[in-house]
S.K.: 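Pasting a structure below so you can have a look.
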Amino acid sequence: MLIKTTPAQYSARRNFLGRSTSIALSGAAVALLAGNSRLAVAATGNPSGDVNILNVALGLEHEAIAAYQVGAESGLLQKPVLDTAVLFQSHHKQHRDALVATIEKLGGKPVMAKSNSDYAASLGAGGLKSQTDILNLAARLELGAANAYIGVIPAFSEKDLAKVAARLAADETMHWSLLANALGKPVPMAALSFGA
Amino acid sequence: MIVAERLLPAVLGLALAGAAAAADPGRGAGLYEARCGACHSLDAHRVGPLHRGVVGRRAGSAPGYDYSPALAAAAFTWDAALLDAWLKDPEALVPGQRMGYSVADASDRGDLVAFLLSVSRR
């Protein structure tokens, strides 16, 4: 079973971290994302534009976390697929936490997650009847996220954030590759298929 | 000169509308899945708003979606020319909007707009 985080727990956790360890967390999160902690204070390009893009990324991460949660709770995923789904969800939670810390460091307000039932409805989760259905949904979301992250790289005013998007895209691409393999999908015949 | 300034947008709009009509909505569907599908779907709000019926809809007006203040205040209705301009450079069309993604290739934009037109006709 996946580790559940209710909105209240998440908010409380963020508040606690914000009060007691904000410097350490932000430094670690920003370092995780961009490789150095001077990013947030050194941003001089268009921070509000960058925050908007980061918030779109955060929205994608919220959706991915919910999608894996829905899949895990469906009872349709069998081991070891379930374990892999849990691992991928943990990656998305790490993305989320790092994005939240960076957005706040840049003076922005992170978008909040919707309810899992809202995500389930918008993703058509009611039609998921098998492990293959869930893996296909996950693969579609991971591929879309990889393409989206690649697509926004040129839009960042801060080049370190462009690197962040590239690193996120790499994780999503890794997820898609493993999911596609599990589904028996062929390796793309053409090079440069991502972000095209 | 004034006539030219007034006519140019209209001519440009007609040209783009014509280009959209000649474009390939089938290819646009594939592009939509690959490029837009991370955030959008036709029939449900996700990270971005739903798209079915977008052509002919006032910008920032799909019920139930939390638009940026900039897009919510936009005073235009989506057509082929405006969708092309949006996909080319959203921030240039509506400063302060939230979409960081753009489509550089005019042919790709034409096919995407043709697809959006095809799912907007009643």
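Chain naming here is simple, since letters A, B, ... match the order of the sequence lines and numbering starts at 1 in each.
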S.K.: Only counting residues at least two apart or in another chain, list the ones meeting side-chain contact (heavy atoms from CB on, under 4.5 Å) with B:Thr77.
M.R.: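 B:Thr77 satisfies side-chain contact (heavy atoms from CB on, under 4.5 Å) with B:Arg58 only.
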S.K.: Which residues from residues 69-76 of chain B are near chain A, with near meaning under 4.5 Å between non-hydrogen atoms?
M.R.: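 Residues of residues 69-76 of chain B touching chain A at under 4.5 Å: none.
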S.K.: Indicate, with yes or no, if A:Leu178 and A:Leu137 share a hydrophobic cluster defined by side-chain heavy-atom contacts under 4.5 Å among Ile, Leu, Val, Met, Phe, Trp and Tyr.
M.R.: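 Same hydrophobic cluster.
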S.K.: Going hydrophobic residue to hydrophobic residue with side-chain gaps under 4.5 angstrom, can you get from A:Val86 over to A:Phe88?
M.R.: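 A:Val86 and A:Phe88: one cluster.
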S.K.: If you take all heavy atoms of B:Cys39 and A:Leu60, which pair is closest and at what distance?
M.R.: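 Closest approach of B:Cys39 to A:Leu60, heavy atoms only: SG-CD2, 3.8 Å.
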S.K.: Need one label for A:Ala148: side chain, backbone, both or neither, based on atoms under 4.5 Å from any heavy atom in chain B.
M.R.: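 Contact with chain B: backbone and side chain both.
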S.K.: Only pairs of heavy atoms separated by less than 4.5 Å count here; which of A:Val51, A:Leu143, A:Ile150, A:Val152 has the most with chain B?
M.R.: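 Maximum pair count with chain B is reached by A:Val152.
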S.K.: So what's closer than 4.5 Å to chain A heavy atoms on B:Ala38: side chain, backbone, both or neither?
M.R.: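 Contact with chain A: backbone and side chain both.
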S.K.: Membership question, hydrophobic clusters at under 4.5 Å side-chain separation (ILVMFWY): are A:Ile153 and A:Leu161 in the same one?
M.R.: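 As far as the 4.5 Å side-chain criterion goes, A:Ile153 and A:Leu161 are not connected within one cluster.
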S.K.: Against chain B, label A:Leu123 side chain, backbone, both or neither, depending on which of its atoms sit under 4.5 Å from a heavy atom there.
M.R.: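 Just its side chain gets close to chain B.
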S.K.: Report every donor-acceptor pair between chain B and chain A with a separation under 3.5 Å, backbone and side chains included.
M.R.:
unit_1, atom_1, unit_2, atom_2, d
B:Ala34, O, A:Asn147, ND2, 3.1
B:Arg35, NE, A:Ala196, O, 2.9
B:Arg46, NE, A:Glu63, OE2, 2.8
B:Arg46, NH2, A:Glu63, OE1, 2.7
B:Arg46, NH2, A:Glu63, OE2, 3.4
B:Gln97, O, A:Asn52, ND2, 3.4

S.K.: Decide whether B:Leu112 and B:Leu42 are clustered together by the hydrophobic rule: side chain heavy atoms of Ile, Leu, Val, Met, Phe, Trp, Tyr closer than 4.5 Å, transitively.
M.R.: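 Per the 4.5 Å side-chain linkage, B:Leu112 and B:Leu42 are co-clustered.
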S.K.: Flag yes if A:Leu183 and A:Phe194 sit in one hydrophobic cluster, no otherwise; membership is Ile, Leu, Val, Met, Phe, Trp, Tyr, and two members link when side-chain heavy atoms are under 4.5 Å apart.
M.R.: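 Each belongs to a different hydrophobic cluster.
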S.K.: If we define contacts as heavy-atom pairs under 4.5 Å, which of A:Pro154, A:Gly151, A:Ala64 has the most with chain B?
M.R.: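 Winner by heavy-atom pair count: A:Gly151.
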